[in-house]
Amino acid sequence: MELIITEKDNAARRIADILSGGSMDATRENGVNVYEWGGKRCVGLSGHVVGVDFPPEYSDWRDVEPAELIDATIEKEATKENIVATLRILSRQAEIATIATDYDREGELIGKEAYEIVRDVNEEIPIRRVRFSSITENEVTNAFAEPEELDFDLAAAGEARQIIDLIWGAALTRFLSLSAGQLGNDFISVGRVQSPTLKLLVDREREIEAFDPEDYWELFVDLTKADDDAESFDAQYFYLDEEDNEAERVWDEADAEAAFEDLSSTSEATVVDVNRRTRTDAPPAPFNTTQFIRAASAIGYSAKRAMSIAEDLYTAGYITYPRTDNTVYPDDLDPEVLLDDFVGHPTLGEDAEDLLEADEIRPTEGDEETTDHPPIHPTGEIPTRGDVSDDEWEVFELVVRRFYATVAEDAVWEHLRVVAEAADRSLKANGKRLVEPGYHAVYPYFSTTENYVPDVTEGETLSLTDIELEEKQTQPPRRYGQSRLIETMESMGIGTKSTRHETIEKLYDRGYVESDPPRPTRLAMAVVEAAENYADRVVSEEMTAQLEADMDAIASGEATLEDVTGESREMLEDIFAELADSREEIGDHIRKSLKDDKRLGPCPECGEDLLVRRSRYGSYFVGCDGYPDCEHTIPLPSTGKPLILEETCEDHELHEVKMLAGRQTFVHGCPLCKAEEAGEGPILGECPDCGDEHDGELAVKTLQSGSRLVGCTRYPDCEYSLPLPRRGEIEVTDERCEEHDLPELLVHSGDEPWELGCPICNYQEFQARESESGSDLESLEGVGAKTVEKLAAAGIESLDDLTDADPDSVAADVDGISADRVRSWQAKA
DNA sequence: GCAAGGTC
């Protein structure tokens, strides 16, 4: 039996299909598809099925000096056990094995991993390697007709990368995490790809922070031909600067006003120059991963979402493999045949038919031609609208239309530039008109906005009106958007087509960036600074470039894996020698930056910093850094994760807060303003729970959701609350309840106000009515569903449990409930 | 519980 091993299931199925002429059978072994026909079996891996790691004795971060990892042994272990097990079973039964993984460096390494698994159970059989650049009948049959040998040098190049990435990444990650005391989920990560990417963002942020805006002025006028019904058009003032270049920005206010005065003194302008030219606008190249992400991002998809949809469309068979660097269609793609598949389709058919009418169809080509996968294009299989979500359809249509664009004709623009003079000042207008829509007719994602400038002739007099002097400011450079960042990574050679978008996600997960476009946090700034000071290589693109060169040397036999990894280990040893003395300093800086990321501004009570904190129950609130000396807190909305914005509130000097909750994301604003607006309505009296101990008071509050309650001013430290009706205006009367010393409330809704009375009495009556349902704990005054839930979490589910409990331990276990309050409940129960 | 690279 011949065993054929491919990089993924999809490739296994297609290769089996080609080699068997469609006659293969599919079976499943350990959940892995195996394709069988006439003495052959074909199985797909799932990329790497083994991974590198340190032995278990290195796994406790606190027990191992990070520098010890540099010379630690590195083991290979199965990461996809079921696939490895299946491969072992099939290998025992095989008489010959053929490795048919992707034709690139990582594919060679994956092939070597398979080779070792086969050899481990079967020492004798020949193991061959076939290489083909696309899975087509021609290429595959040719490759199998003349099998080759595995390239162990090329595989070793990939192994060197694995080893270097692991050692540098793990050792530096552990060092920074330990120095800052950030273990567990909040470790501080460093890596050859993520750290240079982060540095790109941090460098840009530094430019933005250092930016000093400058004022300038621009002048605009309306010009109109003398005809009766002529439409006016915009023109802009310009002058020649010291180097005789045209300039529109006027840097001096007096100069700008002088120009304004001059232009205001006349109502005519004379055309002095007319320049007409046509420009051809060539259609775009086929999609590689990066350009696909860029186009999808222009229609509102994040990099992650775009790739996830593309992967689904690929798995379903509608588009080709979405991870590719290739921008040249392979020879076996016949555009006419593919266009034919769309003929007759209700929404995509007409454009395909139009394209087929051209005399000759010649697809565009990009600069990069690789051998592993074709550019992303539709397969010819078209989903029905019901088969896919709206988003999937939108992305599918983008891929189809991009393919259309690559086989469509050039567009042609006509540019018209007019220069006029008025009161010795120069004016210019730039018009453009799309004369031949070309590929834009089938690819509507690029702007085709025209700018109207009429036909004028030299010497013609135009009327001049509506002079506007606009004061502007130079703007700081813009942050990288996700797709721009991916393009930059690609041009610097950082990461791969499959990992760049994941790297960006990783930066979000690690707390290094927030919001979109990604903005680096103070933590990110501190980590990049630490790396720049002590381990410059790991934040530089240089490290990847050197690694690429070293890998080429290994692949060509000029160097060995040991040479390259040995040298890399020495470099890292040097870095750790420097780092040792600065451990505390680095840790302090990172810890301080972590606090900066949570800082809202000064505490109105004590002047220390207010920080965004998280209660033991996971909810967010604002608390003072001076705690426990200062117990000032401000509530935050219960939905979402707070993001601190750059904007600050003028009244309180606090940063505004945005609550990130997917589609329900909203800007909360200054928490103190919100608390003042929402919360503290009229104060009713002392809080029965914490009034004695902490001076808590009851107030009428309105929540973000619009619902109202009587609650303690010390929320969230004290969660005493009483319900209020949703509707009607609440009036606080002068009459007081003798038992609870609170004012009686009136509710104005409808024609007649109704008496709610003392809010505690009202609640007790309500509880009495409701007491049959729910926990009997709810019959206690001031105890709502939320408190019942918390008590239940501490093991107290009924009044009986409560009477048996120790008040101090309950107070210790349950946030916002004091021992005194428990005692008062016990007395009543 | 570290990286980056395959793949899902």
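We name chains A, B, ... by the order of the sequence lines, and we start the count at 1 in each one.
- Using a 30° and 60° split on the angle between ring planes, A:F132 and A:F144 fall in the parallel class, below 30°.
- Between A:K80 and B:dC8 there is no side-chain polar atom (N or O) within less than 4.0 angstrom of OP1 or OP2.
- For B:dA4, the OP1/OP2 oxygens have no side-chain nitrogen or oxygen of A:T499 closer than 4.0 Å.
- In this structure, A:S177 does not reach the B:dG1 phosphate: none of its side-chain N or O atoms is under 4.0 Å from OP1 or OP2.
- Side-chain nitrogen and oxygen atoms of A:T315 include none within less than 4.0 Å of the OP1 or OP2 phosphate oxygen of B:dC8.
- Residue A:Q162 places no side-chain N or O under 4.0 Å from the OP1 or OP2 atom of B:dA3.
- In this model, the phosphate group of B:dT7 is approached by a side-chain N or O of A:R323 to a distance below 4.0 Å at OP1 or OP2.
- A:E490 has no carboxylate O lying under 4.0 Å from a charged side-chain N of A:K497, or vice versa, which leaves the two without a salt bridge.
- Contact annotation: A:R510 side-chain N/O to B:dA3 OP1/OP2 distance is under 4.0 Å.
- Look at A:R192 and you'll find a side-chain N or O under 4.0 angstrom from OP1 or OP2 of B:dG5.
- Residues A:T496 and A:S189 both approach DNA chain B. Their nearest nucleotides, taken by heavy-atom distance, put A:S189 toward the 5′ side.
- The nucleotide whose nearest atom lies closest to any side-chain atom of A:A170 is, among B:dT7, B:dC2, B:dA4, B:dC2.
- Side-chain atoms of A:S189 and A:Q194 form a donor-acceptor pair, as typed in the model, at a separation below 3.5 Å.
- Dashed line: the shortest gap from a side-chain N or O of A:Y321 to OP1 or OP2 of B:dT7 is under 4.0 Å.
- Looking at heavy-atom distances under 4.0 Å, A:N10 makes no contact with the nucleic acid at all.
- Looking only at distances, no side-chain donor or acceptor of A:T379 sits under 3.5 Å from a matching main-chain atom of A:T320.
- Nucleotide B:dC8 holds its P atom 19 Å from the CD atom of A:E505, rounded to whole Å.
- In this structure, A:W168 forms no aromatic stack with the base of B:dA3, since the conditions of centre separation below 5.5 Å and plane angle below 30° are not both met.
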